[in-house]
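Chain letters run A, B, ... following the sequence lines, proteins first and then strands; every chain starts at 1. Hydrogens, waters and symmetry mates are skipped; everything else that's a heavy atom, side chains included, is used.
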Amino acid sequence: MVEEENIRVVRCGGSELNFRRAVFSADSKYIFCVSGDFVKVYSTVTEECVHILHGHRNLVTGIQLNPNNHLQLYSCSLDGTIKLWDYIDGILIKTFIVGCKLHALFTLAQAEDSVFVIVNKEKPDIFQLVSVKLPKSSSQEVEAKELSFVLDYINQSPKCIAFGNEGVYVAAVREFYLSVYFFKKKTTSRFTLSSSRNKKHAKNNFTCVACHPTEDCIASGHMDGKIRLWRNFYDDKKYTYTCLHWHHDMVMDLAFSVTGTSLLSGGRESVLVEWRDATEKNKEFLPRLGATIEHISVSPAGDLFCTSHSDNKIIIIHRNLEASAVIQGLVKDRSIFTGLMIDPRTKALVLNGKPGHLQFYSLQSDKQLYNLDIIQQEYINDYGLIQIELTKAAFGCFGNWLATVEQRQEKETELELQMKLWMYNKKTQGFILNTKINMPHEDCITALCFCNAEKSEQPTLVTASKDGYFKVWILTDDSDIYKKAVGWTCDFVGSYHKYQATNCCFSEDGSLLAVSFEEIVTIWDSITWELKCTFCQRAGKIRHLCFGRLTCSKYLLGATENGILCCWNLLSCALEWNAKLNVRVMEPDPNSENIAAISQSSVGSDLFVFKPSEPRPLYIQKGISREEVQWGVFVPRDVPESFTSEAYQWLNRSQFYFLTKSQSLLTFSTESPEEKLTPTSKQLLAEESLPTTPFYFILGKHRQQQDEKLNETLENELVQLPLTENIPAISELLHTPAHVLPSAAFLCSMFVNSLLLSKETKSAKEIPEDVDMEEEKESEDSDEENDFTKKVQDTSNTGLGEDIIHQLSKSEEKELRKFRKIDYSWIAAL
Amino acid sequence: MAAGGGGSCDPLAPAGVPCAFSPHSQAYFALASTDGHLRVWETANNRLHQEYVPSAHLSGTCTCLAWAPARLQAKESPQRKKRKSEAVGMSNQTDLLALGTAVGSILLYSTVKGELHSKLISGGHDNRVNCIQWHQDSGCLYSCSDDKHIVEWNVQTCKVKCKWKGDNSSVSSLCISPDGKMLLSAGRTIKLWVLETKEVYRHFTGHATPVSSLMFTTIRPPNESQPFDGITGLYFLSGAVHDRLLNVWQVRSENKEKSAVMSFTVTDEPVYIDLTLSENKEEPVKLAVVCRDGQVHLFEHILNGYCKKPLTSNCTIQIATPGKGKKSTPKPIPILAAGFCSDKMSLLLVYGSWFQPTIERVALNSREPHMCLVRDISNCWAPKVETAITKVRTPVMNSEAKVLVPGIPGHHAAIKPAPPQTEQVETKRKSGGNEVSIEERLGAMDIDTHKKGKEDLQTNSFPVLLTQGLESNDFEILNKVLQTRNVNLIKKTVLRMPLHTIIPLLQELTKRLQGHPNSAVLMVQWLKCVLTVHASYLSTLPDLVPQLGTLYQLMESRVKTFQKLSHLHGKLILLITQVTASEKTKGATSPGQKAKLVYEEESSEEESDDEIADKDSEDNWDEDEEESESEKDEDVEEEDEDAEGKDEENGEDRDTASEKELNGDSDLDPENESEEE
């Protein structure tokens with residue numbers, strides 16, 4: 001049972017991954033990306049998140065590998081700190097406090113112990129590139145206040161800054177000019193595009209810049225899709241540039257390959273273009289990447305590229321332009337129309353995904369399962385195109401049916417509407433289109449719901465539309481002499497005084513249908529489709545409508561736009577209670593009577609959980625989110641929890657997830673923060689001990705012989721070197737995390753002392769080695785004796801040689817003495 | 001998780017490939033196939049997550065595998081302040097997978113990093129590893145081998161902690177007790193070891209063949225009142241190679257007998273076993289046994305003491321192909337593994353071939369004794385790399401899907417007559433009347449045609465043909481008649497149609513209108529004529545609304561644009577043409593055939609009765625009908641508009657509708673008359 005703490009709001013569902021360029025590790029095994037306040041470390045092979053580096057208190061704005069130690073990573077954040085991480089183990093090594101908001105981070109191998117950051121000093125939109133000297137200090141938190149100014153009036157985005165040709169110069173672009181600062185000369189040259197004065201060509205402002213790694217060449221991307229390669233820019237007059245033009249829209253990012261032979265560019269076309277030898281002729285393309293390319297990065301080893309996309313994914317691409325892996329968070333590109341649903345079959349969260357797709361997101365493993373292509377049309381990435389949008393979707397009959405509504409509206413009168421009904425085919429384990437309905441209504445469909453009553457013989461679907469009608473669709477037998485088939489047909493069309501139908505909802509047993517027409521709620525009998533009664537509170541248009549469940553099934557709840565929550569009793573046809581609550585989201589729990597409502601106020605969103613039978617809420621949590629909450633859903637738990645306290649009981653059988661306007665998926669957790677915050681290292685803390693390869697054997701044999709020769713001459717000081725692991729002081733120094741070590745000055749004498757040879761340690765070392773050999777022999781002996789067990793001494797666990805001596809029992813000492821007498825001359829013969 | 005042994009030529013080796021579900025949420029399924037590849041599948045979306053080929057995959061094939069228990073907490077927990085919203089950690093994330101090989105080495109593979117983590121060789125086995133078990137919490141690993149030894153490994157250091165001889169023959173299976181203090185091992189006999197001292201605690205008889213699987217089935221003793229030492233009273237299960245019986249044993253005090261408490265019988269050698277642990281006395285143990293013949297047997301039993309008779313399964317699950325066509329018979333699809341989901345109410349089934357298995361979650365229905373699932377796996381034979389990366393699934397959209405567009409029946413609710421009681425009466429009457437009259441009319445029809453044929457051969461036989469076509473539903477005849485483009489011909493034909501064929505004609509026209517737009521263009525001419533000529537007849541029909549409901553809806557939907565204008569236009573056309581037509585035809589004698597149809601005097605009386613009864617509704621029909629006619633006319637207009645060049649005409653039409661119509665009719669009607677004459 002989980003320890004009951006306060007219910008807290010926690011984020012889940014793959015937060016934003018495409019905020020900044022991703023960074024590869026030196027061996028291309030890992031890829032780092034910033035994600036909110038965290039840095040995530042992914043494996044490039046398995047797409048799995050290996051570590052989450054948390055420690056920053058605000059948005060992380062930049063990450064770079066430490067150029068002096070490729071196993072370390074720098075990150076900077078809006079909280080004004082630069083942190084140094086050991087990404088293999090996920091440990092924070094050091095924090096440098098700069099003090100002002102940092103907007104981007106650059107490192108340079110040539111500039112030792114200083115990094116470059118973008119800060120804004122006085123005015124809100126004036127940014128500067130400064131270099132920060134990182135002081136060498138053993139303490140974990142260091143103040144780094146030594147800033148030296150490099151460039152002024154630059155663009156905030158890190159894409160507009162590039163360091164070139166081994167740090168000889170830095171190039172920055174903003175609007176219509178390119179500035180190049182030469183570190184040695186300490187001069188800035190500025191190149192303005194000639195056409196900038198001319199309003200006609202106003203679209204050629206700079207968007208990004210990249211520098212050739214070895215040559216003096218700067219590539220800049222422009223709004224109009226051109227790429228310019230600047231050369232000879234040492235001279236203000238004689239500079240030249242060439243143009244590469246393929247993109248028809250803004251160039252979003254540029255990157256040179258490690259050797260500089262090719263240039264990569266990408267933009268809204270979702271095509272990665274590789275320009276070979278910087279010529280217009282030699283182009284290679286990787287098309288159909290799905291969404292706008294926002295960032296491109298290249299691994300230091302040169303074997304991989306990666307592109308970050310606007311739909312929150314990172315594609316890892318091989319050098320030969322083949323996508324090899326996709327790290328996909330919750331797709332966040334577009335607005336969510338469908339709301340949050342649960343697929344009864346896979347228990348996955350379903351919502352709008354890629355354009356024209358429904359995404360299935362597994363909440364258990366926090367991973368996208370797949371995208372279901374509903375519209376099945378090639379998506380054209382271009383600005384200003386009116387696309388077909390997937391606006392509504394609903395699952396029915398335990399996941400056997402899926403209804404989707406797609407719509408495209410170019411002008412007010414030109415509405416294209418299509419409803420598709422998909423049947424889940426068990427044989428092929430996939431959805432098959434059963435019925436396609438063109439223009440099911442004259443106007444937009446506002447609500448879609450299946451009758452999910454357990455005993456209903458006939459699947460029933462209701463659509464409500466702005467055209468003032470609601471339609472009831474039923475599944476009928478369409479068999480003829482050629483085939484057996486079922487299909488959906490319209491069974492009933494209802495309306496109420498030409499009001500727009502805004503919501504519809506079936507009661508739990510499916511006997512009643514509630515349809516709201518603007519301010520009026522109508523109740524229909526689902527067998528005869530007779531209007532049973534109407535409720536009208538004149539309190540504004542109904543925004544949400546739902547029936548109570550289980551013991552509260554006699555209640556109907558409606559939330560209006562004027563901020564009134566009404567509860568009607570269906571037996572007495574009277575208003576039971578109402579409350580003043582500006583409800584944004586109202587969701588019933590499928591497993592209990594509880595209903596969750598999220599209200600919106602100017603301060604933030606508040607959660608209320610209540611039962612329709614009593615107006616007093618079971619649970620209130622204020623301020624669950626600062627932004628507007630758009631959708632919510634109860635997700636049934638696989639294994640029910642057993643919270644006893646009243647405030648948490650509503651979480652026993654289901655979990656509540658909600659989606660805010662900025663599309664972060666949040667949920668409530670009762671587990672203590674420590675438990676949730678320390679999952680970072682997923683591996684067992686097992687040491688990596690990889691066996692020797694055949695290559696090693698060839699080399700190793702030679703080495704071993706050498707070693708043994710050296711063993712013979714123990715007097716030689718060099719002998720100790722391979723054995724340094726056994727010296728406790730050294731091993732301690734090497735295995736303790738750097739941040740817990742005492743100062744170097746203190747350690748130094750100890751360390752040097754430990755390296756010195758002393759008579760005692762040597763003898764102590766000899767003995768444990770003997771013990772090893774002897775015991776192995778013993779264990780071999782024991783093999784013959786049945787059921788005789790013997791523990792093998794684990795030498796690496798022993799801290800000090802002296803300890804081992806103490807551990808030896810008397811009998812063992814006796815045997816040791818015996819061994820001493822044995823002639824070891826045979827070793828030399830080996 | 002039980003792992004089956006590796007398949008090899010050894011007759012006493014267990015059947016089936018080594019495979020296992022990852023612990024906790026069963027997010028992954030690892031399968032080490034006989035070609036030496038390790039493949040890890042995502043169970044939720046049936047996607048190949050990763051593939052790994054050990055360097056020595058040909059010499060040392062994988063014989064067994066086991067997932068490491070999930071790590072919940074890392075050792076170092078960085079200190080931080082509470083934040084408003086922090087990320088949900090991926091707790092329960094599993095990583096390490098231990099693989100035993102035929103040469104005695106054990107590989108630890110990291111599924112997060114996708115690479116070999118470490119290799120346990122030194123001081124380990126020198127023969128085939130038969131079973132690997134992770135200790136729940138101590139970070140130890142136990143392995144047993146054909147070299148008769150059991151080895152305890154320290155995973156953190158990758159070194160042997162202890163190695164002891166486990167049996168006189170090879171040790172084939174291991175299991176750790178729920179409290180983590182005891183270890184079961186089995187060659188042919190089963191031994192229970194105390195892990196601390198490595199001494200034998202109990203002996204059990206075991207099986208005649210090597211034991212392939214061992215599992216504890218309970219975590220609490222059946223008798224709760226006695227003090228529980230962690231092991232006494234617990235049940236465990238064993239399955240053996242070539243043995244169709246699974247034995248259940250109970251750990252009891254030393255002097256008691258060592259034979260099995262009870263047994264479960266299955267149809268073939270068990271390959272993969274999974275069970276749900278019962279947490280209290282009342283809850284039955286659920287057991288899923290996958291047999292070598294590809295079936296799954298489910299058992300549900302409350303373990304309480306002896307049972308002599310072997311228990312048979314509560315439910316058997318089989319999977320078969322659908323068997324396309326009549327000739328091919330359904331073929332069974334072998335099930336490779338089955339694991340209970342965490343809710344204990346559904347089962348994850350892995351079936352198909354081992355290089356491309358399908359993983360499906362099946363809800364259990366304990367009432368059915370036999371479940372046969374029909375699955376079509378023919379389309380998932382070829383692994384698709386593309387979809388594996390893009391994760392896009394395309395649902396099938398084939399031509400068999402029903403398409404509903406506005407106007408097609410089913411798109412809108414069918415129009416039903418308002419008072420249901422009267423409708424019943426009417427239909428009775430109608431049907432009765434029809435049955436009698438059809439014969440008579442058919443007879444009359446024959447005579448008609450003969451007569452006509454004799455009378456005037458030169459007049460067009462279109463009305464006759466059409467009537468015949470409508471009666472017989474002969475497509476050829478109907479096509480021949482209805483596909484004419486000559487407006488005059490259409491008009492004449494319609495004029496001469498017997499009244500009783502009007503409704504069938506309209507229905508035929510409606511059907512054709514719903515079809516291809518090209519044919520609809522032609523049909524519109526017909527429809528226009530029928531409605532203008534026979535409006536008066538149609539308005540007398542009592543059941544017009546249900547009969548022409550679909551036509552009405554069709555027209556309604558087709559004239560959505562400029563709806564009101566087209567209504568007006570249609571009404572005007574109707575009125576004017578009828579007025580002019582009546583004026584012109586005053587002098588002309590009505591065709592002789594009309595008289596022939598009037599002979600149904602009785603029915604006309606009835607109809608008049610109806611008319612009196614339903615006068616109000618009749619008005620409605622009139623309205624409806626007029627509307628429909630008008631819309632139809634507008635439809636014509638639309639079609640015309642489509643065909644370029646007639647735009648002007650239409651424009652004029654709207655402006656001076658009446659005039660135009662008068663002119664038009666005056667053009668047409670004289671011709672009619674002349675021909676009739």
Side-chain angles (χ1 to χ4, degrees), chain A residues 9-12 43 45-46 48 50 92 323 326 346 362 364-366 369-373 376 422 427-428 430-439 478 487 489-493 638-639 666 673-674 676 678-691 783 786 789 791-792 794 796, chain B residues 25 27 44-45 50 68 71 73-75 77-78 82 85-91 93 95-96 110 112-114 116-119 121 139 155-160 162-165 198 200 322 342-343 360 374-376 389 391-397 401-406 410-413:
Chain A
V9 178
V10 291
R11 194 182 297 154
C12 64
S43 159
V45 183
T46 62
E48 294 258 4
V50 183
L92 175 63
V326 179
T346 57
S362 165
Q364 286 83 28
S365 57
D366 210 8
L369 292 182
Y370 52 86
N371 274 294
L372 194 68
D373 191 355
Q376 305 201 0
W422 308 85
K427 277 183 199 169
T428 53
F431 282 103
I432 290 182
L433 183 67
N434 179 271
T435 306
K436 186 163 81 175
I437 302 164
N438 276 323
M439 293 303 288
D478 265 1
T489 49
C490 182
D491 186 45
F492 178 72
V493 181
D638 258 1
V639 184
L666 304 168
E674 281 70 38
K676 282 289 183 192
T678 50
T680 52
S681 74
K682 281 189 248 162
Q683 315 89 304
L684 257 138
L685 278 181
E687 264 177 43
E688 281 199 42
S689 81
L690 280 182
D783 291 348
N786 199 7
T789 64
K791 249 193 183 170
V792 176
D794 200 340
S796 74
Chain B
S25 57
N45 57 358
Q50 49 188 292
R71 269 186 67 80
Q73 278 190 315
K75 270 196 180 154
S77 63
K82 262 193 195 179
S85 59
E86 65 263 10
V88 171
M90 279 147 286
S91 54
Q93 190 80 24
D95 180 17
L96 287 183
S110 163
V112 169
K113 290 180 186 162
L116 197 63
H117 189 78
S118 37
K119 195 167 179 178
I121 318 175
V155 182
Q156 270 150 41
T157 56
C158 299
K159 285 192 174 136
V160 174
C162 185
K163 178 175 176 179
W164 74 96
K165 188 164 179 184
K198 313 286 186 297
V200 178
S342 50
D343 61 354
E360 187 190 338
V374 179
R375 294 291 179 265
D376 186 5
I389 285 174
K391 290 190 182 178
V392 169
R393 282 198 188 174
T394 313
V396 184
M397 269 167 100
K402 183 177 174 181
V403 179
L404 291 180
V405 293
H411 186 273
H412 204 270

Whether the side chain of B:His411 engages the backbone of A:Met439 through a donor-acceptor N/O pair (distance < 3.5 Å, no angle test) should be reported.
yes
Greatest number of non-hydrogen atom pairs under 4.5 angstrom with chain A, of B:Val403, B:Val396, B:Thr394, falls to B:Val396
For the side chain of A:Thr435 and the backbone of B:Lys402, is there at least one donor-acceptor N/O pair under 3.5 Å apart?
no
In terms of heavy-atom pairs under 4.5 Å with chain B, which of A:Gly487, A:Ser362, A:Cys490, A:Gly430 leads?
A:Cys490
In Å, rounded to the nearest 0.5 Å, how long is the span from CZ of B:Arg393 to CG of A:Asp373?
13.0 Å
Mind checking the CD1-CE spacing from A:Ile432 to B:Met397? Nearest 0.5 Å is all I need.
12.5 Å
Can you tell which of B:Ser342, B:Gly410, B:Ala27 has the highest number of heavy-atom pairs within less than 4.5 Å of chain A?
B:Gly410
On a heavy-atom basis, which atom in B:Ala44 and which in A:Thr346 lie closest, and how many Å separate them?
O-CG2, 4.5 Å
With respect to chain A, which residue among B:Leu404, B:Val374, B:Asp343 yields the maximal number of heavy-atom pairs within a distance under 4.5 Å?
B:Leu404
Quick one: which of A:Leu92, A:Val639, A:Asn434 has the most heavy-atom pairs under 4.5 Å with chain B, could you say?
A:Asn434
Residue from A:Val493, A:Asn371, A:Thr489 scoring the most non-hydrogen pairs under 4.5 Å with chain B is A:Asn371
Do A:Val45 and B:Gln50 have side-chain heavy atoms sitting under 4.5 Å apart?
no
Looking only at heavy atoms, which two atoms of A:Leu372 and B:Pro395 are closest? And how far apart?
CD1-CD, 3.9 Å
